[in-house]
Number of protein chains: 2
Amino acid sequence: MARKTGSHSEITGPRVRDAALKLIAQHGFAAVSMRRIAEEVGVQAGALYNYTRDKQALLFDLMRNHMEELLAARQEAAVSGDPVARLDAFTRFHIHWHLPRGDQVFISYMELRNLTPENFAEIERLRKVYEDELEHILQDGVDAGLFHLDDTKVTTLAIIAMLTGMSTWYRAEGRLSLDRIEGLYVGMVRRLVGI
Amino acid sequence: MARKTGSHSEITGPRVRDAALKLIAQHGFAAVSMRRIAEEVGVQAGALYNYTRDKQALLFDLMRNHMEELLAARQEAAVSGDPVARLDAFTRFHIHWHLPRGDQVFISYMELRNLTPENFAEIERLRKVYEDELEHILQDGVDAGLFHLDDTKVTTLAIIAMLTGMSTWYRAEGRLSLDRIEGLYVGMVRRLVGI
DNA sequence: GTCTATATAATGATAGAC
DNA sequence: GTCTATCATTATATAGAC
């Protein structure tokens, strides 16, 4: 439903971001035009520039927002205690947080090459903060003699790749319930660290 | 170096594919124009249409070629014998084959959404053939009482995601040698199947 | 087989009216 | 804040000369 002229700043902003998120995940950043995003929102293309400086800023905002929300949620969900409990919590957090955000996850991995170098560096910095969270858990587990693995850094990257890969095949109507899959991944992550 | 007019069919064809591969991996399919590919090859844009029906066919050929070469190489490298040996061989094959083909791997995962539905279905079919190779190894190992895992299908997908993720961070000049990394992944895959 | 030239359509972004 | 209108550029693909 296209809107007529008028002032709608308080709702149009989020709608622009939602439309861009959905369309970019579906077709790719370069394949989605500003006109197409505007059409989805129900405004004319020129109106989008009240909410973003240009197309690049729109992509960067989506990706930075995704990473910052991830880090904030992670900080809230982090548990203290023994490394095994922290590892299990990390696995469950990663799955629970990423799974309902398929579009954001997809964009954050696929559209890195369409960022300017400065914007790319910032996203990579945020991603590294998240990876370091897991790496510290593994290192603490190794130091405590609880985990048995050959290389902390490589195991960190392997676990994250394994967990994130779930987004590419999981379907809510699939063979296994989310709880069951989560349990499977908790078990596999434990195996990877030798417990 | 731009070429002058003349007949060069025997060399231009592969050069078009090489240029498209490199540029699409770098910038994404939608972001790369036929003009840019032609410039890289050293011909005018119109000349590309002697080698591809249109831009879509160019992408599909790259992806189909990648998958068919993968399956052919896999068939040649497959070993028989006990499941543990077959699993180790699969791990080493996957790493050795994918690592020097970063551009192809990247495109094959990133550009699926830019294929027409028919072309997408064909690529997915080929990918499933490869996944089934690993799944059969896991199932045989479970049946023989050698592997101990909770779900063959999920473990298959987890292993492939873990192995393929290596392409996103491996650098030849990095901290670890390829042999060392390969050994680490063989160990992690073994752990994932409970041996 | 490649070139030049072109048809036709779409793009990102801006200016000024309301 | 949104609209209409538009600029300047770029896109895919084709036609016909050589």
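Here is the naming used below: chain letters follow the sequence lines, and residue numbers restart at 1 for every chain. Quantities reported herein were computed from a predicted structural model and do not represent experimental measurements.
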Does B:Met110 sit in a hydrophobic cluster with other residues, and if so which ones, taking ILVMFWY side chains as linked at heavy-atom separations under 4.5 Å, directly or through other members? A:Phe106, A:Met110, B:Phe106
Please give, in whole Å, the distance from C:dA10 P to A:Lys55 NZ? 15 Å
Let me know, please, whether A:Ala31 or A:Gly46 comes out on the 5' side of the other along DNA chain C by nearest nucleotide. A:Ala31
Can a side-chain donor-acceptor contact be found between B:Glu111 and B:Asn114 if the only test is distance below 3.5 angstrom? yes
Can you tell me the distance, in whole Å, between the CG atom of A:Asn50 and the C1' atom of C:dG12? 15 Å
Just the rounded figure in Å: distance from P of C:dT14 to CE of A:Met34. 10 Å
Between A:His98 and A:His66, how do the two ring planes meet: parallel, tilted or perpendicular, split at 30° and 60°? perpendicular
Does the cation-pi check pass for A:Arg127 over A:Tyr109, that is, NZ or CZ under 6.0 Å from the six-membered ring centre and within 45° of its axis? yes
Atom-to-atom span, CD of B:Glu39 to P of C:dC3 - whole angstrom: 13 Å
Rounded distance (Å) that lies between atom P of C:dG12 and atom CZ of A:Arg53: 15 Å
For the pair made of CZ in B:Arg36 and C1' in C:dT11, what is the distance, rounded to whole Å? 19 Å
Rounded to whole Å, how long is the line connecting atom CD of A:Gln44 with atom P of C:dA13? 17 Å
I want to verify a distance call: between C:dC3, C:dT11, D:dA13, whose nearest atom is closest to the B:Val43 side chain? C:dC3
Counting only side-chain heavy atoms from C-beta out, which of D:dA11, C:dA13, D:dT14 sits nearest to B:Ser33? D:dA11
Tell me which nucleotide among C:dC3, C:dA13, D:dA13 gets nearest to the side chain of B:Ala47. C:dC3
Kindly say if A:Tyr51 contacts the phosphate of D:dT2, meaning a side-chain N or O under 4.0 Å from OP1 or OP2. yes
Can you check the A:Asp54 CG to C:dA13 C1' distance for me, whole Å? 9 Å
Using the ring of each side chain (for Trp, its six-membered ring), is A:Phe93 parallel, tilted or perpendicular to A:Tyr130, with breaks at 30° and 60°? tilted
C:dT2 phosphate, OP1 or OP2: any side-chain N/O from B:Thr12 under 4.0 angstrom? yes
